[in-house]
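It should be emphasised that the depicted structure is a prediction, and the values quoted were computed from it without experimental measurement.
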Amino acid sequence: MWVQSPAKRRRIYRSQQGNNLLYHAYEIQRSLLNGASAWASIASEMMSNPANPWSHTAVGPMTANALEVFAHATASYGKPAFNITEIEVNGEAHPVEEATVVNRPFGDLKRFRHTGLPESSPRILIVAPMSGHYATLLRGTVERMLQSCIVYITDWADAKLVPMHEGHFDLDDYIDYLMDFLEQVRVEGDGERPHMMAVCQPSVPAFAATALLNQHDSPATPKTLTMMGGPIDTRESPTSVNDHAMNRPIEWFRQSVIATVPSQYRGAGRRVYPGFMQLSAFMSMNLGNHMMSHWEMFKHLTVGDDDSAQATKDFYDEYRAVCDMTAEFYLQTVEEVFQKHSIPNGEFRHKGEIVDLGKIDKTALLAIEGERDDISGLGQTKAALKLAKGLAESKKRYYMAEGAGHYGIFNGSKWRDKVAPEVEKFIAKHS
């Protein structure tokens, strides 16, 4: 039996204690910044109040705008709402119904549909990433697909809010959730097989779940699986994200980024990869761009371009709303996907069972990549099409979104005008 040396156990213990202290330090800092943000917001309103003589000088409005930017940048954000209340289709507005149809400890299944959609419309499960952000990051994805489909989405929980008695959640559990959710979508569709779309990281578990359902001839086997910017084979066009995962042993991640949830949360005692650490990693990759965005926000406010300033605020309201993920899920994903390359090597297992990608023969596959994606490089998602050796070529499709970065393939104008129509055509063809 493998046993760690006492010296190594001491190093791991010291590292874990350091991360726990870091979590507490972050909470203290967050409390202080919340206060600073509130005072800055009040001061901004005072400086811009017409009753204040300074508001009629050049210095007053400029100071008010700077304080407003600071207040926004230092505020903390909870879980955002989807707030999709209405959808416009062919110039006609339709009310949207949002419902939670499955409630599970580590994630719910939400359903969106508008009153103009017939019950026979395609039903699609959108699998949101469990990578530090809430499912609302895909609000634009849901809105666009809602024009032609009854849309379901995985609404993953913040791990620090899941009590310890609910057990653990790893990559195997993630796959189980997807298969259960697909079954729920099938039942609600009167037995009609659903469609599935995975955005970024969940392309791997969605691909595995699809293979297992094909393997076992399940009635919940999806008709189509669309994978967008997913790390199926990270050896293709490796990015800085891939290099970061490859250049360090799994023990480094276990010791350096995993912390214990503090006592003030419902998930106290749970080992997690904290959301604030993930956000720091995200922002450090493009720190200059983020700084310029806030500088541009300040300039927009200064010249009275409130709409442009608000667009930046809306983006960061969503981007800075982060959540923790379970340590076991994060570490298993790093090891299996980025270090061992278990999926492309044909060695990926689900609860001990080999996931045979060659058994996929009923689910049509669409791989979508962004030309300028700096998270999942070109070829990483396309690799899925080669791995599905048992699938007819007529059921495979590849699409590269020209000029699109990682975010652009599922949100924004390129998604709405170029990528989404390709998805809709693919779904229609294989329905």
Side-chain angles (χ1 to χ4, degrees), residues 78-87 94-114 117 121-159 169 173-189 192-207 209-210 220 222-230 318-319 321-323 325 329 366 368 406-407 409-412 415-416 419-420 423-424 426-427:
K79 182 178 180 179
F82 276 95
N83 284 332
I84 305 174
T85 57
E86 190 176 81
I87 193 80
H94 300 278
V96 172
E97 174 200 76
E98 174 185 339
T100 299
V101 294
V102 177
N103 184 262
R104 305 271 303 262
F106 290 94
D108 299 338
L109 179 64
K110 282 187 172 293
R111 182 188 64 218
F112 294 85
R113 60 182 173 193
H114 67 76
L117 271 177
S121 299
R123 294 171 185 260
I124 185 168
L125 170 62
I126 297 178
V127 187
M130 184 182 279
S131 57
H133 284 106
Y134 293 99
T136 49
L137 192 67
L138 304 188
R139 185 183 293 104
T141 318
V142 172
E143 285 180 322
R144 181 59 182 82
M145 292 308 299
L146 194 53
Q147 293 185 14
S148 57
C149 300
I150 298 173
V151 177
Y152 297 76
I153 189 168
T154 57
D155 188 22
W156 302 116
D158 185 344
F169 185 87
D173 297 310
Y174 193 119
I175 292 170
D176 286 339
Y177 267 49
L178 294 189
M179 292 192 289
D180 291 345
F181 287 164
L182 284 168
E183 173 61 20
Q184 176 67 28
V185 177
R186 184 192 72 85
V187 169
E188 291 197 5
E192 189 74 15
R193 287 167 53 203
H195 301 267
M196 182 159 58
M197 174 194 292
V199 179
C200 189
Q201 162 264 324
S203 293
V204 171
F207 195 28
T210 297
K223 290 182 179 180
T224 68
L225 169 62
T226 299
M227 292 167 282
M228 307 173 69
E318 193 73 57
Y319 191 75
V322 291
C323 53
M325 71 173 84
F329 170 78
L366 170 60
I368 296 175
H406 187 73
Y407 193 78
I409 57 177
F410 63 88
N411 236 323
W415 153 249
R416 291 190 299 269
V419 180
V423 177
E424 288 174 325
F426 190 74
I427 288 174

Test applied, side chain to side chain contact (heavy atoms under 4.5 Å, CB included); reference residue, Met197; option that passes from Ile124, Leu366, Ile427: Ile124
Which residues share a ring-ring contact (aromatic ring centres under 6.0 Å, His included) with Phe207, sequence neighbours left out: none
Output, in order, the C-alpha distance, side-chain angles, deciding distance and verdict of ring pair (Phe, Tyr, Trp, His ring centres under 6.0 Å) for Tyr152 and Phe112. CA-CA 6 Å; Tyr152 297 76; Phe112 294 85; 9.4 Å; no
For a quick test of reading the model, state the closest non-hydrogen atom pair linking Phe82 to Arg139 and the distance between them. O-NE, 2.7 Å
Search all heavy atoms of Cys149 against all heavy atoms of Leu117 and return the closest pair with its distance. O-CD1, 3.1 Å
Could you check if a side-chain atom of Val102 sits within less than 4.5 angstrom of a side-chain atom of Asp180, using non-hydrogen atoms only? no
Roughly how far, to the nearest 0.5 Å, is NE2 of His114 from CD1 of Ile87? 7.0 Å
Do Gln201 and Ser131 pair up side chain to side chain, a donor and an acceptor below 3.5 Å, judged on atom types alone? no
Under a 4.5 Å cut-off applied to non-hydrogen side-chain atoms, are Val199 and Ile409 in contact? no
Hey, what do you get for CD1 (Ile84) to CG (Leu146), rounding to the nearest 0.5 Å? 6.5 Å
Min side-chain heavy-atom separation Leu109-Asn103 under 4.5 Å: no
Only counting residues at least two apart or in another chain, list the ones meeting side-chain hydrogen bond (donor to acceptor under 3.5 Å, both in side chains) with Glu143. none
For the student: nearest non-hydrogen atoms of Pro129 and Pro202, plus distance: CA-CD, 3.6 Å
Are the side chains of Met196 and Val127 in contact, using a 4.5 Å heavy-atom criterion? yes
Do the side chains of Met228 and Thr226 get nearer than 4.5 Å, heavy atoms only? yes
Return the set of residues passing ring-ring contact (aromatic ring centres under 6.0 Å, His included) with Phe410 (not counting sequence neighbours), or none when no residue passes. Tyr407
Do Pro194 and Arg186 touch side chain to side chain, with heavy atoms closer than 4.5 Å? yes
Is the closest side-chain heavy-atom distance between Trp156 and Asp108 below 4.5 Å? no
